[in-house]
Amino acid sequence: MSGSPDLSVLAGDVLDVAPRLLGAHLTHAGVTVRLTEVEAYAGQDDPGSHAFRGPTARNAVMFGPAGHLYAYLIYGMHVCANVVTGTPGTASAVLLRAGEVVEGLDVARGRRPGASDRDLARGPARLCRALAIGLEQGGADLATGPVLLLLATDHGGPVESGPRVGLRQAAEHPWRYWLAGEPTVSAYRPAAPLRRRPAG
DNA sequence: AGGGTGATTAGG
DNA sequence: CTAATCACCCTC
């Protein structure tokens, strides 16, 4: 009877939940994206996760119930969005890396001047830009909005997996999942090596 | 190939 | 307080 979609599946293990988000629809402010690429972050067990070192003010929402939005600012200018998974107390989440704009194409184009349609939401910060997701949306309940998640009953194609993008820690885990053959999947970019201190 | 940008974090 | 890091994007 509820008007909200059932997101209870998100309370499961993040490695199980992440691929199931592929094909899901994410809607905000007049634009809907079909997710084509995601990455799993396994909380305090995962050196690549923001929650690895325990709760802080920034990552607090990850320790809460599943189905909420964890949004953060990176490199001083870009916002990235995650879906919190697992049970309260665990801090796992899924980074939304890329999607295909399936609704509100003109609105999305206006938010991403100069970008091709393929690139509108191709990359985690681009996806947030196309959907106008900012830090204000952090903590939002994805079942009730304003950012809404509608799970897919079907992926719509085979899922592939490989190493996560841009991580220096725990880069060996194949916890990035994408829909095979989708042009909106972002290119794999290994982490840049640390700039070495001047040698003595 | 390199630069922009500022919050977040650990450490003194 | 300081200094290092950062789940990225754009332009050249």
Side-chain angles (χ1 to χ4, degrees), chain A residues 10 14-15 17-19 21-22 26 33 35-63 68-86 90-101 108-139 142 147 160-178 183-199:
Chain A
L10 299 180
V14 67
L15 295 183
V17 171
L21 287 177
L22 294 171
L26 188 70
V33 156
L35 299 176
T36 57
E37 179 186 2
V38 300
E39 280 177 1
Y41 285 88
Q44 295 188 94
D45 302 327
D46 179 4
S49 169
H50 287 173
F52 179 59
R53 296 173 186 276
T56 66
R58 174 174 66 160
N59 67 23
V61 56
M62 295 178 89
F63 287 83
H68 289 244
L69 184 73
Y70 169 53
Y72 67 92
L73 183 70
I74 189 156
Y75 294 107
M77 58 187 107
H78 300 300
V79 175
C80 295
N82 298 246
V83 174
V84 174
T85 67
T90 71
S92 52
V94 178
L95 172 68
L96 309 179
R97 284 205 56 88
E100 171 196 7
V101 176
R109 284 172 179 148
R111 290 174 182 154
R112 301 260 306 115
S116 68
D117 286 356
R118 178 201 189 203
D119 282 351
L120 286 175
R122 183 171 180 251
R126 291 163 165 183
L127 182 147
C128 285
R129 182 78 175 185
L131 287 166
I133 292 176
L135 298 180
E136 321 82 65
Q137 277 72 38
L142 295 171
V147 185
E160 296 179 337
S161 69
R164 295 177 292 185
V165 174
L167 287 196
R168 196 173 272 127
Q169 298 292 325
E172 71 278 11
H173 296 117
W175 289 348
R176 173 183 177 231
Y177 305 89
W178 64 91
T184 54
V185 173
S186 65
Y188 176 62
R189 177 181 53 78
L194 267 182
R195 187 166 53 92
R196 266 197 265 164
R197 284 188 301 271

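Below, chains carry the letters A, B, ... as their sequence lines are ordered, and counting in each starts from 1.
Proximity of A/R129 to the phosphate of C/dC8: no side-chain N or O atom is located under 4.0 Å from OP1 or OP2. The side chain of A/R53 places no N or O atom within less than 4.0 Å of a non-bridging phosphate oxygen (OP1 or OP2) of B/dT8. Remark: A/T56 is in phosphate contact with B/dT9, judged by side-chain N or O atoms under 4.0 Å from OP1 or OP2.
Atom NE2 in A/H50 sits about 11 Å away from atom C1' in B/dA7, given to the nearest Å. Residue A/R122 contributes atom CZ, which lies 11 Å from atom P of C/dC10 at whole-angstrom precision. Atom pair A/R111:CZ and C/dC10:C1' shows a separation of 20 Å (rounding to whole Å applied). Here the C1' atom of nucleotide B/dT8 and the CZ atom of A/F52 are 17 Å apart, to the nearest Å. One can place NE2 of A/H78 at 13 Å from P of B/dG4, the figure rounded to the nearest angstrom. For A/N82 and C/dA7, the CG to P distance is 11 Å, given to the nearest whole Å. Distance CG (A/L73) to C1' (C/dA7): 13 Å, rounded to an integer number of Å. To the nearest angstrom, P of B/dT8 lies 15 Å from CE of A/M77.
With a 3.5 Å ceiling on both atom-pair distances, the Watson-Crick or G-U wobble partner of B/dA7 is C/dT5.
Salt bridge annotation for A/D119-A/R112: absent, with no cationic side-chain nitrogen under 4.0 angstrom from a carboxylate oxygen. Salt bridge present: A/R164 and A/D46 bring a charged side-chain N and a carboxylate O closer than 4.0 Å.
Here A/Y75 does not lie in a stacked arrangement on the base of B/dG4, lacking the combination of planes under 30° and ring centres under 5.5 Å apart.
Backbone-only engagement by A/R112 is indicated by non-hydrogen atom pairs under 4.0 Å involving sugar-phosphate atoms exclusively. A/G48 comes within contact range of at least one nucleobase, with a heavy-atom separation under 4.0 Å. Contacts of A/R58 with the nucleic acid, taken as non-hydrogen atoms under 4.0 Å apart, involve only primed sugar atoms and P, OP1 or OP2.
A donor-acceptor pair is defined here as one N or O able to donate and one able to accept, closer than 3.5 Å; no such pair exists between the side chain of A/S92 and the backbone of A/Y41.
When all heavy atoms are compared, the tightest approach of A/L35 to A/L96 is CD1-CD2, 3.8 Å. When all heavy atoms of A/I74 and A/C80 are compared, the pair lying nearest together is CG2-SG, 4.1 Å.
At a cut-off of 3.5 angstrom, counting only N and O atoms as typed in the model, there is a donor on one side and an acceptor on the other between the side-chain of A/Y72 and the base of C/dA7.
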